[in-house]
Every structure is written in C-alpha cells, then in structure tokens.
Peer 1: 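Structure in structure tokens, see below.
Keep in mind the model is a prediction, meaning the values are calculated, not measured. Letters A, B, ... are given to chains in the order of the sequence lines, protein chains preceding strands, and every chain is numbered from 1.
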Protein chains: 4
Amino acid sequence: MPAAKKKSTTASASPERRRELLTIAADVFAAHGYNATTVRRIADEAGMLAGSLYYHFDSKESMLDEILSSFLTELWDGYDAVLAAGLGPRETIEALVTESFREIDRHRAAVAIYQKESKHLAAQPRFGYLTDSQQKFKTAWLGTLERGVADGAFRADLDIRLTYRFVRDTVWVAASWYRPGGQHSPEEIARQYLSMVLDGIAVRA
Amino acid sequence: MPAAKKKSTTASASPERRRELLTIAADVFAAHGYNATTVRRIADEAGMLAGSLYYHFDSKESMLDEILSSFLTELWDGYDAVLAAGLGPRETIEALVTESFREIDRHRAAVAIYQKESKHLAAQPRFGYLTDSQQKFKTAWLGTLERGVADGAFRADLDIRLTYRFVRDTVWVAASWYRPGGQHSPEEIARQYLSMVLDGIAVRA
Amino acid sequence: MPAAKKKSTTASASPERRRELLTIAADVFAAHGYNATTVRRIADEAGMLAGSLYYHFDSKESMLDEILSSFLTELWDGYDAVLAAGLGPRETIEALVTESFREIDRHRAAVAIYQKESKHLAAQPRFGYLTDSQQKFKTAWLGTLERGVADGAFRADLDIRLTYRFVRDTVWVAASWYRPGGQHSPEEIARQYLSMVLDGIAVRA
Amino acid sequence: MPAAKKKSTTASASPERRRELLTIAADVFAAHGYNATTVRRIADEAGMLAGSLYYHFDSKESMLDEILSSFLTELWDGYDAVLAAGLGPRETIEALVTESFREIDRHRAAVAIYQKESKHLAAQPRFGYLTDSQQKFKTAWLGTLERGVADGAFRADLDIRLTYRFVRDTVWVAASWYRPGGQHSPEEIARQYLSMVLDGIAVRA
DNA sequence: TATGAATGAGCGTTCATTCAT
DNA sequence: TATGAATGAACGCTCATTCAT
C-alpha cells in the first residue's frame, strides 16, 4: 500500500526502534497536526537529535506514510474478515462498527491523523492508497446498507448516501475524543453506538 | 469575543473589503488547513500582494480569529433564541440541530476550520472564547438531553455523555462533506439526521 | 534555453537588481565552485540575508541556470554571426577563437562555471541545453576543421578529433587564468593563441 | 608531502586495502567532484558502511590528500628524471609532454581531481604542497621554454607566459576527456599533441 | 490602499564524523 | 575490521511580518 520504497537504505534498520519512533511520531502528529509538527519535536520526544531520525526514515513524510499505511493494512485485515464471513446486513454493520472501535482503540493516533489529514493527502500520488481505501470503504458500507434496505432490515425512507455518511462519521469521529484505557471498552462503546444508530435515542412511542 | 485589537490601526479599513478578504481567507483555510495556508496564497486569491494584507489585518492569526469569532457570535444568536423559546427537550434538540445545519450552510468554511483547528487553538489565551463556547455548548446540549431522559423523551439506558458526543459530532462533521447548493436543503438534511438520531436506521420490529 | 519558468512569480522583479545579484552569484560560483558556494555567502556578498535572495530567484539552481543560459545565448549570437559570414575555414577558426576570447572577457565567471560544472549538470533535464550547445559547438568547429583539411588549409596528418579537442580546450581553459583588465586585450590574446595553434611554437626549419 | 598524520591510529591498516579504497575514492571524486561526493557513496562503492572508512582514513579530506600527494610524488619522479637528463629544450619539452600523458594514463582520476580542485585547495595549509608543485612545475616548463627561445629553438615573438599557459593547459585538460584503453596510446597522443604545439595545425605555405 | 523589497526565525534535510560493540 | 546508531553543524528554503514609498 505505501509508495514503493526506493532503495530503502534506511528500511533495514532495526524494526523495534522504528516501531518506537513511529509510535512517538504518531502521537505528536495526532496531538498537533502533521504540518505543525516539527521533526525536531519528534526527535526531542524520542531523546535524540533531529538529524538522527533520518538514519531510520527517509523523511518526515515517509513516517506519516508508514503510520497511515500500516494502520490501513491492519484495518482491512479486520474488515475483510468481517466481509468474508457471510453475515446478514445488520450483523455485518454491527461487526464492522465493533471492528472499527477496536482499531480506534489500538491505533488512536493513526486514526486521528487519518481524520485530519487524509483529505488533502489523498491528492498526492504517494498517498493514493488513501483514496483507494476510501473507495473500498464506501463500497463495503454502502453495499451493506443497500442490502439491508433491500431485505427490510434498514429503513427505506432515508437518503442512503446520507445514511452512509452518518454511520461512517459517527464511528470515526470518536477517535477525536477517545482515550484508550477509559471507562468503556471499545466493545462497550461499539454496543452503545450501534444501539443509538440502529434504534435511535428517542424512546419509542 | 476576539481579543481586543492592539493598535486598531488596521480597523479603519473599509468593512466591505475586510469581509471579502475574510471570506477568501476562510475558504482557503478550510480547503488546505490553517497552518498549510500561506498568507501569500490568500493574497493571490484576493489579487494583491502578501504584504498588502497587513493593511487590513494585524496578522494571519487575527484573520482566523475574526473568522471564528464572528461565526460563533452568529451561531450563539441562533442557539440562544432556541434555548430561550421554552420548548420541550425533543423539540429543543430538533431546533438546535436544524439551526446547526443552517449555520453549516451559511458558514461552511468557518465550521470546517473550527472542526479542524479548534482543539489546539483552544490552548492559546487569544482563543479562550473557543473553550467558553464549547462549555456553553456542552451545557446546553447535555442539559437538554438530561431533561429529555428525565421526562421520558429520551432513552435512559444509554451513557449520556456518549449520547452527547454522538449527537454533537454527528451534526458537525457534516461540514466536512457539505456543499452549499447541493440537492438537499439544510432543513431537509436536518430532518433526515434527526430522524436517524432519534429513531435509528433500523426498521422497527 | 533555460528550463521553462514555472509561474515565475519572482521573474517579474526588477531586472537591474537581478543582474547585479547574478553577477555577484556568478563571481562566487566561479571562485569556490557551485556546490561549495552557500546561498548565505552570495547573500552576504550582496549585503542581504539568505532568505531575501528568494524574492528574486526561485532557487540557487535557478541562479546558476540563468547565468549559464544567458551566457550561452550571447555566445551563440556571436558564433552564429561568424558562421553565417561565409568565411573560409582558416578565417572562420580565427573569427571563432577571437569571438571566444571576447566572451571570456565579458563573461569570465560564467565561462569558468561552465568549465567546471557543465559536465555533471548536463545530465539534469533542466540543463539539457548545455548538451545541445555542446553538440552545436562540436558541429561548428569540427565541420570547419574538416573543411580546412579538405581544401588544404589544415594538416591532413592529424587525428581530426584530437585536433578538435586540442583547439577547443586550448581556448576555453584560458578562462581559468584570464583576468579582465590584464595587460593583454582579448583580441591580442586571441592573436597569439591563433599564431601558436596555427603555426606552432617551434621555429621553422 | 601530505601533512603529518596526527594520530596515525589509522595508518596501521593493511596497505592493499587502503590502495583499493583510494582507487575507488579517486574514481568517485573524479566523476562527481570532491564536494559533491559523499563519504557514504565511496563506502557504498567499496561495499562497506560510511563509518567503516574511518578505520582506514582520518577523514574524507585525508583521502583526497593521499590521492593527490601520491600522484604528485610519482609525477615528479618522472619529471625529475627528465630534467636531470641534460636534454636540449625541444627534447625536454617533448619528454615532459610524453611523461605527462603517461601520468594521465596511469592516474586519470587523480589528474582530473587535481584539475578541478587544486585551485581552491591550494589555499589551505594542508595542501600547500600543491602550490609548491605548481611553482616547481612553472619553473621547469618556463625555464625550458626560455632556454629554447634563447637558443633559437622556440619562437621569440610570443609572450612567453602565454606560451607557458598554452602548453601547460593543452596537455593537462586532456585528462577531462581521456579514457585509458582508448584507441590512442599515451605516447601516440603525446606525439600528435607535440606536433600541433610545435608545428601548428595549419599547412605551411 | 497597495507595492516591492527585505528581515529573521525556523524548518526539513544532509553529511562528515564519532564511538560503543 | 566493520557495524549500527547517533551527533552537530550547516544547508537550501519558506514564510509571516515590516516598512519606506
């Protein structure tokens, strides 16, 4: 998914150190935004000098790339498993939402970065995989919703594109306030979100 | 709401030109992000040189300030009217959501900027009013939800803070995809969103 | 001849200032080499800060580009006039050599830079015109030499490619020691060089 | 000739490996220029990491130093033999030119580096021997030319300093295009060059 | 009101060099 | 002998901002 590594002189460096540094970078990117984050800041946080980061990575952008692409790889591992399971539309939605909250739990920083930056990054060829992913995402969710409308599981009186955006946003914005280790587990949050999305917050007449 | 103008040398410039420039600036901020937007880009779009903007504004930040604060002023005019109307909880929520989509329609750029930047701006004293507004916002919505739970309009089995975040985010993220002049009026979008939020997307048993 | 200017926001700046700055830059490039010359050094010499240069030029490389391309433009103006004059081979060579020393006199720095850098610059697309120029150069000189051999003006017992390189280098390396305002005028140097090249330094038997 | 090794910690390394590495370094310096050559590039070419070179050499500069000084040592071995042979001026020039082309053949990279870099290197104390060598060089060639003018072997109507530069440059620039193993042997090239320099390229009247 | 030219701080990046292993 | 990881200084460049005109 990431742009092809050129010669990747740097790619051979010890993978554990890379992970550590990427985790740090992701946190800083998530907290202050990619553009506003200086490479010196990341290095500070890692206890090294700015230049030293370039032993491990080609560029600031390649850190971002690796953060986002490895997140998306994992996300799609989960999604693809759900989609291949042959569930009904409602159960599929439930599983996708649950899986999403699990990803938010595991990759909070990456998700937050994705939320803030993917729109303008998608324009760059290097981040073309973001657009691809978005497309797959849309196909999967919209398709499931349509199946649900067709077989009577979901309401037919709603604009399905609005519904799609509603469900999609509803889930992912959670990354902006979610803190791992909070009082609710991802599964519990997913359960409540699903309850709201599927049945509404109003008491039934 | 904005921090007091220091010199107000610049405040004497013609108000219409200011408006025009702020509209341009807001669009560019919304499209590319505040940090990624150069003052030169705004000037280009306005057909002038970067330095010339400083006749009208103290700084890039003060443009942002004015954009956000004038948006919030208008927003609260609308909200306060709703809250003063003495409606029941459900009707209040409906009115607030409708009002919100109207604001998104009128101030799309400002809303988008607000979404992306308010979190880290709120830390700066100059933008303290963002925090104040958020607080008022929370009080109004959370209070209404609690009233609704108390009088049986809203479900009591949900974590009310989750519900609050759910409704809040659900509405405002719409600014990220909303395009004025699209096929749905703000009121129509509000109606469908409210229908989903209140009654859910699942068909009732 | 230079690579197409992109948008050339900077190209509109006052042409006199540009000339001044390019003259300064050319001198520094010639004295210390392009790579070893820092943009700060040029700025120092011009009495400004490094960043200020970027108001006038896109990049260090574009300064180099402009220096070399405007030199080559002038050079070919002179050469083309000579080649169009319909002179015999010996007179053509004499005129070309004289013209060359005049160019060395007028553009000493540019010629020195050209000597040192053109070989590796020619590989970059932006400097493709260097290769083009070299090709034209070779065609003009080699052709004239061949004409001279054919009509008996030049010796037939020499490897003509060696002769070409001999004459070419002989002339242009002079830029490495030539100082304008020295005791010999360019025309006088040309006369002596031609005398050596054509008749040799040995006394005739 | 090179500056005294400070620590000579590195001097204990196996001399053959040093030679290999210096040959590689010289080729890269010659191809891309000293400044533009990174220590990493040399190491890559040698199949090791950049830091590892520092086991063999004190610094990048000391590689350059060793390349240039050992070339000059060999060159002067040859020159001194010629100068001690008691030949007439014309024969001395012939022998020096021939010797020079032999050195270009054997040390092409070193000669090319010398051509490009010696001018600005000579300013540094460490490379003072370059200036010394240039001085000896000038004395030897200029002296021989003067002897030749005095005894009627060389033309008296030329500015002798111009003649000196002419002959000197004429020979050494050849290093910029010479490729060992080409169709002409160094001796053959020397013969043709001498023929041009001594008798000129024009056909005698 | 706006321009043209400059400032100055800071940014992402490179690279010769060091050093424990 | 060589590696892996880091240093630290410098580099080309960007950009918000200033100010005389």
Side-chain angles (χ1 to χ4, degrees), chain A residues 9-10 12-14 17-18 21 35-43 46-63, chain B residues 9-10 12-14 17-18 21 35-43 46-63, chain C residues 9-10 12-14 17-18 21 35-43 46-63, chain D residues 9-10 12-14 17-18 21 35-43 46-63:
Chain A
T9 328
T10 62
S12 60
S14 117
R17 193 75 177 109
R18 282 177 80 82
L21 294 172
N35 275 314
T37 297
T38 72
V39 123
R40 272 157 180 92
R41 176 71 188 268
I42 299 172
M48 50 169 39
L49 291 176
S52 308
L53 282 173
Y54 289 80
Y55 181 78
H56 300 277
F57 304 98
D58 286 332
S59 64
K60 183 187 168 187
E61 199 182 70
S62 80
M63 294 186 223
Chain B
T9 327
T10 63
S12 59
S14 103
R17 193 76 178 107
R18 283 177 79 85
L21 295 173
N35 274 313
T37 297
T38 69
V39 129
R40 177 139 139 213
R41 175 72 188 268
I42 299 171
M48 48 170 42
L49 291 179
S52 309
L53 279 173
Y54 288 79
Y55 179 80
H56 301 278
F57 304 97
D58 286 334
S59 65
K60 182 185 168 188
E61 200 183 65
S62 79
M63 293 186 226
Chain C
T9 327
T10 63
S12 59
S14 117
R17 193 76 177 107
R18 282 177 81 83
L21 295 172
N35 274 315
T37 296
T38 71
V39 122
R40 271 159 180 91
R41 177 72 187 267
I42 300 172
M48 49 168 43
L49 291 176
S52 308
L53 282 174
Y54 290 81
Y55 180 77
H56 300 277
F57 304 98
D58 286 334
S59 64
K60 183 186 168 188
E61 199 183 68
S62 79
M63 293 186 225
Chain D
T9 327
T10 62
S12 60
S14 104
R17 192 77 177 111
R18 281 178 80 84
L21 294 173
N35 274 313
T37 298
T38 69
V39 128
R40 177 139 138 212
R41 175 71 187 269
I42 300 171
M48 49 170 41
L49 291 180
S52 308
L53 280 173
Y54 288 80
Y55 179 81
H56 300 278
F57 304 98
D58 286 333
S59 65
K60 183 185 167 187
E61 201 183 63
S62 80
M63 294 187 226

Peer 1: Could you report the tightest heavy-atom contact between B:F57 and B:S62, atom names first, then the distance?
Peer 2: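 Heavy atoms of B:F57 and B:S62 come nearest at CB-OG, 3.7 Å.
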Peer 1: Quick check for you: to the nearest 0.5 Å, what is the distance between C:Y55 atom OH and C:M48 atom CE?
Peer 2: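 Separation between the atoms: 10.5 Å.
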Peer 1: If E:dA16 has a Watson-Crick or G-U wobble mate with both distances under 3.5 Å, name it; if not, just say none.
Peer 2: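 By the stated definition (distances under 3.5 Å), F:dT7 pairs with E:dA16.
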Peer 1: Between A:G47 and B:A36, who's closer to the 5' end of DNA chain F by nearest nucleotide?
Peer 2: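 Mapping each residue to its closest nucleotide by heavy atoms, the 5'-most match is A:G47.
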Peer 1: Please state how far atom CD1 in D:I42 lies from atom P in E:dT17, giving the value in whole angstrom units.
Peer 2: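 My rounded result for the distance is 10 Å.
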Peer 1: Measure CE/C:M63 against C1'/F:dC11 and give the value in whole Å, please.
Peer 2: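 Answer to the nearest Å: 13 Å.
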Peer 1: Given atom CG of C:L53 and atom C1' of F:dC11, what is their separation to the nearest angstrom?
Peer 2: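 In whole Å, F:dC11 C1' lies 14 Å from C:L53 CG.
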Peer 1: Looking only at non-hydrogen atoms, find the nearest pair between B:H56 and B:R17 and report the distance.
Peer 2: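 Minimum heavy-atom separation between B:H56 and B:R17: CE1-CG, 3.6 Å.
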Peer 1: Using the P atom as the point on both nucleotides, what is the distance between F:dT21 and E:dT1, in whole Å?
Peer 2: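 After rounding to an integer number of Å, I get 22 Å for this pair.
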Peer 1: Would you tell me if any nitrogen or oxygen in the side chain of D:H56 comes within less than 4.0 Å of OP1 or OP2 on F:dA2?
Peer 2: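 D:H56 to F:dA2 OP1/OP2: side-chain N or O found under 4.0 Å.
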Peer 1: Whole Å only: how far is the OH atom of C:Y55 from the C1' atom of F:dG12?
Peer 2: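 In whole Å, F:dG12 C1' and C:Y55 OH are 20 Å from each other.
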Peer 1: Does the protein touch nucleotides 8-14 of chain E at the base, only the backbone, or not at all? Give it as B, S and - per nucleotide, heavy atoms under 4.0 Å.
Peer 2: B-BSBBB
Peer 1: Can you tell me how far P of E:dT7 sits from CE of C:M48, to the nearest Å?
Peer 2: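 Going from C:M48 (CE) to E:dT7 (P), I get 6 Å.
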Peer 1: Could you state the atom-to-atom distance from CZ of D:R17 to C1' of F:dA2 in whole Å?
Peer 2: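 Nearest whole value for this atom pair: 10 Å.
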Peer 1: Given atom CZ of A:R18 and atom P of F:dA6, what is their separation to the nearest angstrom?
Peer 2: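 My rounded result for the distance is 13 Å.
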Peer 1: Which value, rounded to the nearest 0.5 Å, describes the distance between D:L53 atom CG and D:S59 atom OG?
Peer 2: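 Reported value, rounded in 0.5 Å steps: 11.0 Å.
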Peer 1: Kindly give the heavy-atom pair with the smallest separation between C:K60 and C:T37, and that separation in Å.
Peer 2: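 Reported closest heavy-atom pair: NZ-O, 2.8 Å.
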Peer 1: Output all residues satisfying side chain to side chain donor-acceptor pair (under 3.5 Å) with A:R40, sequence neighbours left out; order by chain, then residue number.
Peer 2: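 A:R40: no side chain to side chain donor-acceptor pair (under 3.5 Å) contacts found.
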